[in-house]
Engineer: 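First the structure, which I've put down as structure tokens, then a few questions once you've had a look.
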Amino acid sequence: MSLTTASLLAATSGSEVLFAGYTMEDKARLPQLGRMLELAGEMVGINTGNASFRIEAPYLAMNKAEIIQKARSLQVPLDMTWSCSWSGELQCGECPKCQERRAAFAKSKVQDPTRYRKQ
């Protein structure tokens, strides 16, 4: 789901905040990401009449490996998380997001529980 669609759904349902899972790697690619999210939240708030709506990205200061380690310490079922750019029963294992996921698990030294179409 796109950030715009998710934001509109959240704002029109009365939510005041949408949490987005952007990471340090995303911010490295888009240095103005924080500002972009601030402006996007403001735009959605104006367009929906939900003036208090905002978008927050609580993981911008963490890399994916750190997030995996944190999730593991919180007993998050990592096998139920999704990174793949494509939909389907299994994650593809080949797209850039799956490659990032594999690398982050390797770097975190946490076993990757993901079932990929292409191992």
Side-chain angles (χ1 to χ4, degrees):
M1 176 179 300
S2 76
L3 179 66
T4 303
T5 302
S7 298
L8 288 169
L9 288 171
T12 57
S13 71
S15 296
E16 291 185 9
V17 63
L18 173 75
F19 292 99
Y22 293 106
T23 66
M24 185 184 293
E25 291 92 346
D26 298 314
K27 189 173 181 181
R29 284 190 295 269
L30 297 165
Q32 296 297 316
L33 180 58
R35 179 73 174 131
M36 181 193 81
L37 295 174
E38 180 183 330
L39 292 172
E42 186 176 330
M43 179 192 70
V44 168
I46 290 168
N47 285 321
T48 62
N50 184 346
S52 61
F53 183 77
R54 67 193 186 284
I55 301 169
E56 293 186 13
Y59 304 112
L60 280 180
M62 296 175 74
N63 66 44
K64 290 178 191 249
E66 292 169 328
I67 293 166
I68 289 170
Q69 290 169 337
K70 176 79 169 172
R72 184 174 179 211
S73 75
L74 296 171
Q75 299 181 347
V76 171
L78 292 168
D79 61 317
M80 297 181 72
T81 62
W82 191 270
S83 298
C84 189
S85 297
W86 309 107
S87 62
E89 189 174 321
L90 300 176
Q91 298 185 61
C92 76
E94 297 180 301
C95 72
K97 289 297 183 182
C98 282
Q99 291 174 8
E100 287 176 9
R101 180 184 182 96
R102 288 178 187 239
F105 270 101
K107 185 176 180 181
S108 71
K109 307 238 188 290
V110 173
Q111 183 176 357
D112 185 355
T114 310
R115 291 179 40 229
Y116 296 102
R117 278 197 316 262
K118 184 158 188 173
Q119 294 294 331

Engineer: Which atom names give the shortest non-hydrogen contact between W82 and S87, and what distance separates them?
Structural biologist: CZ2-CA, 4.3 Å

Engineer: Can you confirm whether L3 sits close enough to L18 that some side-chain heavy atom of one is under 4.5 Å from a side-chain heavy atom of the other?
Structural biologist: yes

Engineer: Residues two or more places apart in sequence or in another chain: which of them pass side-chain contact (heavy atoms from CB on, under 4.5 Å) with P77?
Structural biologist: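 Scan of P77 (side-chain contact (heavy atoms from CB on, under 4.5 Å), adjacent residues dropped) gives D79, M80.
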
Engineer: Who pairs with E38 by salt bridge (charged side-chain N to carboxylate O under 4.0 Å, His left out), at least two apart in sequence or on another chain?
Structural biologist: R35

Engineer: Any side chain to side chain donor-acceptor pair (under 3.5 Å) pairs touching residues 60-76, not counting sequence neighbours?
Structural biologist: K64-E100

Engineer: Measure across S13 and A10 and return the closest heavy-atom pair with its distance rounded to 0.1 Å.
Structural biologist: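 Closest pair (atom of S13, atom of A10, distance): OG-O, 2.9 Å.
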
Engineer: Looking at Q91 and T81, what are the two nearest heavy atoms and their distance?
Structural biologist: NE2-O, 3.1 Å

Engineer: In chain order, what residues pass the side chain to side chain donor-acceptor pair (under 3.5 Å) check against S108, with sequence neighbours excluded?
Structural biologist: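 Partners of S108 under the side chain to side chain donor-acceptor pair (under 3.5 Å) test: none.
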
Engineer: Would you confirm whether E56, through its side chain, and V17, through its main-chain N or O, come within 3.5 Å as a donor-acceptor pair?
Structural biologist: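 No, the answer is negative, given that no donor and acceptor are paired below the 3.5 Å cut-off.
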
Engineer: Which residues satisfy the side-chain contact (heavy atoms from CB on, under 4.5 Å) test with A71, sequence neighbours excluded?
Structural biologist: V76, L78

Engineer: Drop me the distance from I68's CD1 to K109's NZ, to the nearest 0.5 angstrom.
Structural biologist: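 NZ of K109 is found 12.5 Å from CD1 of I68.
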
Engineer: Whether the side chain of N50 engages the backbone of S15 through a donor-acceptor N/O pair (distance < 3.5 Å, no angle test) should be reported.
Structural biologist: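 Yes, because the side chain of N50 sits within donor-acceptor range (under 3.5 Å) of the backbone of S15.
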
Engineer: Just to verify, what does N47 make a side chain to side chain donor-acceptor pair (under 3.5 Å) with, not counting sequence neighbours?
Structural biologist: none

Engineer: Show your reasoning for whether side-chain contact (heavy atoms from CB on, under 4.5 Å) applies to Y22 and L37.
Structural biologist: CA-CA 10 Å; Y22 293 106; L37 295 174; 3.7 Å; yes

Engineer: Rounded to the nearest 0.5 Å, how far does CD of E89 lie from CZ of R117?
Structural biologist: 10.0 Å

Engineer: I want to check something: taking the side chain as every heavy atom from C-beta on, are C84 and Y116 in contact at a cut-off of under 4.5 Å?
Structural biologist: no

Engineer: With the 4.5 Å side-chain cut-off for hydrophobic clustering, are L8 and L39 part of the same group?
Structural biologist: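 No.
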
Engineer: What pairs with D26 under salt bridge (charged side-chain N to carboxylate O under 4.0 Å, His left out), at least two apart in sequence or on another chain?
Structural biologist: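 Applying salt bridge (charged side-chain N to carboxylate O under 4.0 Å, His left out) to D26 gives R29, K97.
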
Engineer: Could you pull out all residues at least two apart from I46 that satisfy side-chain contact (heavy atoms from CB on, under 4.5 Å)?
Structural biologist: E42

Engineer: Can you name the closest pair of heavy atoms from A61 and M24 and give their distance?
Structural biologist: O-CE, 3.0 Å

Engineer: Going by side-chain heavy atoms closer than 4.5 Å, which hydrophobic residues are tied to W86, directly or by a chain of links?
Structural biologist: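 When side chains under 4.5 Å apart are linked, W86 ends up in no cluster with other residues.
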
Engineer: With S85, which residues qualify under side chain to side chain donor-acceptor pair (under 3.5 Å), at least two apart?
Structural biologist: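 Listed in chain order: nothing, the list is empty.
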
Engineer: For P58 and A20, which heavy atoms make the closest approach, and how far apart are they?
Structural biologist: CD-O, 3.7 Å

Engineer: Identify the heavy atoms of Y59 and I67 that sit nearest to each other, and give their distance.
Structural biologist: CB-CD1, 3.7 Å

Engineer: Honestly curious: do L60 and F19 fall in one hydrophobic cluster under the side-chain, below-4.5 Å linking rule?
Structural biologist: no

Engineer: Only counting residues at least two apart or in another chain, list the ones meeting side chain to side chain donor-acceptor pair (under 3.5 Å) with R102.
Structural biologist: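 By the side chain to side chain donor-acceptor pair (under 3.5 Å) rule, R102 matches no residue at all.
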
Engineer: Applying side-chain contact (heavy atoms from CB on, under 4.5 Å), name anything that partners T12, two or more places apart in sequence or on another chain.
Structural biologist: T48

Engineer: Would you give the length of the straight line joining atom CD of E16 to atom OG of S52, rounded to the nearest 0.5 angstrom?
Structural biologist: 3.5 Å

